[in-house]
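By convention in this document, chain letters (A, B, ...) are assigned in the order of the sequence lines, proteins followed by strands, and residues within each chain are numbered from 1.
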Amino acid sequence: MGRIAFLNANAAVAEAALVAGLGFYAGYPITPSSEVPERLSKIMPEKGLPFMMMEDEIASINACVGATASGVKAMTCTSGPGYSLKQEALGMACMLEVPLVVVNVMRGGPSTGLPTRPSQQDVMQARWGTHGDHPIIALSPCNAQEAVFETIRAFNLAEKYRQPVVLLTDGSLSHLHTKIYIPDPEEVEVVDRAQPDVDPDNYYPYEYNYEVPPLAKWWADDGKSYRYHLSSLIHDKTGFPTVNPKYTQWLLERMHKKISNHLDEILKYEYYKMDDAETCIIAYGSTAEAARVAIDQAREEGIKVGMFRPLTLWPSPEEQIRDIASKVKNVIVAEMNLGQYLLEVERVVGGKAAVYGVNQAAGVLIRPSQIYDKIKNPSKRVEIGLTEEELKRFGGGE
Amino acid sequence: MGFHYELRFAGVGGQGSLTAGTILAHAAVFHTNYYATQVPTYTSQVRGGAAKADIIISDTPIIFAESTNVDFFLATHQKAYDAYKGDLKSSADVLVDSGLVTVPAEDKNLYKIYEYPLVKVAKYEIGNVVTMNILAVGICVGLTHVLDVNAVRETVKEEVPQRFLDMNMKAFDMGLEIGEKFKKEG
């Protein structure tokens, strides 16, 4: 049996990572993510697991890439400014195809922005932050309980597809303490990376006849070590660099196909009161909870509105969004940024429905009342959801 | 809607407002089988900056944990009182430290104000100013009975540093009595 706890999403992520089999953590503390390393720094040494407080953000993720390449499950955690600093090594992790979980507790940006305030401004960066034609998986839980299960899922997807997975939470989830259930590892599916069925002499880390070639651990049960080469340059099956156009194209296409061929498993989403909906709210993360309250309120008045909530933001659930667009009149994308996922939704909807945004990048949560107002009047701009009195509390501006 | 109760504990960093909030929330979750949320707000100053904890206790899951109708408000600093009185429901129970907070006359018509020298009593009668937050938790429970007294007492035992246990239990029981008295007097 697992246990009931009263935790914020940061602590929930830390606990869930251990359930998923976390074997190595390296990080550099940054608000509002620091409760993740704080908690792990206490628990991991007690379990004999390495926890490394590194000198900076890129060293942290580099250490994690090394650790996961050797065969253990690794995670690092940060917030926007630190996520920027990790991009180079995140690209390397995509190129090496190593399992890795990177948590980004989103705060207001750009740059150092709003250290203690929530945002959802790193959604596009999660997709395209690092350069090159890389695939990515990004997940977005809406509360601490879901953060537990999405963290476990992040590890599982990373292991199964040899793929870095980004877990996006935000500065409000990191402060909101709620009652949650932390399962035992036996109660949930825990995936470990596939191992080669050939002996070390015949092993190649990028074997051609696989969609996801097995990534051998550096130690074998019989004591005979797998030794191989991983390169961040374009490589052939041996892991050594090549500029051969045939293998270059093959590598990039396979890296994308290993994700796009398995959308059934990678995509996760929720339909909320969508059966007869004429208006669809698309929201994710903490904003989705505000949307839920707004929808309940509008439904009481007989307004036909529902929500489509992607838990997997990247790859985006294109087929599902396209299907919704063919059934509803209006699509409203609510997010704590100036319109990032809105762009993706507009692209996928392709003019089949009217697309509107509730966009607030003010460092405060979008309130249910703001989404409710937008449901009632989609073409009207939504203002910051705070009264003059409330704004006074923040000071500044004189 | 079934049972739904909102509390706000506000002070300045170091006074124990956040711990007081945690105790109420833990009592609800671990000793009462309710749902609860706690949202702490604080500044980067460890001591001296305004700090508050918003606690919602409910018999159903709490979807959007925003406190907009606060039933009970504790303010142990003028700065905290002024900054955070905005979301109180009309006739909310408001407990303030009489030595540190001056309640404006117009607020006395809006809310039920209970003034008590929390800091002074904690320091001179109980023996340590750090027990002030537990004294306040006691008064809150005695006055409102938002949760079962024993559930909260058990949680106080679990949450306070063991070396201050006796002193804190004394503070809690004293607070209960004062709260009950406030309740009778109305």
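- Only the side chain of B:E66 comes within less than 4.5 Å of a heavy atom in chain A; its backbone stays farther off.
- Interface residues of residues 80-116 of chain B toward chain A, defined by a heavy-atom distance below 4.5 Å and sorted by number: B:A83, B:Y84, B:G86, B:D87.
- Residues satisfying the side chain to side chain contact (heavy atoms under 4.5 Å, CB included) test with B:T37, not counting sequence neighbours, are A:L176, A:T178, B:I56, B:I62, B:A65.
- Residue B:Y34 touches chain A through its backbone alone, counting heavy-atom pairs closer than 4.5 Å.
- When ring centroids are compared, A:Y271 and A:F308 come within the 6.0 Å threshold.
- Atom CD of A:E390 sits in a crowded spot, with more than 12 heavy atoms from other residues, nucleotides or ligands closer than 6.0 Å.
- Among residues two or more places apart in sequence or in another chain, the side chain to side chain donor-acceptor pair (under 3.5 Å) test is passed with A:H177 by none.
- With a 6.0 Å radius and a threshold of 12 heavy atoms from other residues, nucleotides or ligands, A:K273 has its NZ atom above the threshold.
- The residue from A:V358, A:L342, A:I281, A:N359 that alone fulfils the side chain to side chain contact (heavy atoms under 4.5 Å, CB included) condition with A:V333 is A:L342.
- With sequence neighbours left out, the ring-ring contact (aromatic ring centres under 6.0 Å, His included) criterion links B:Y124 to no other residue.
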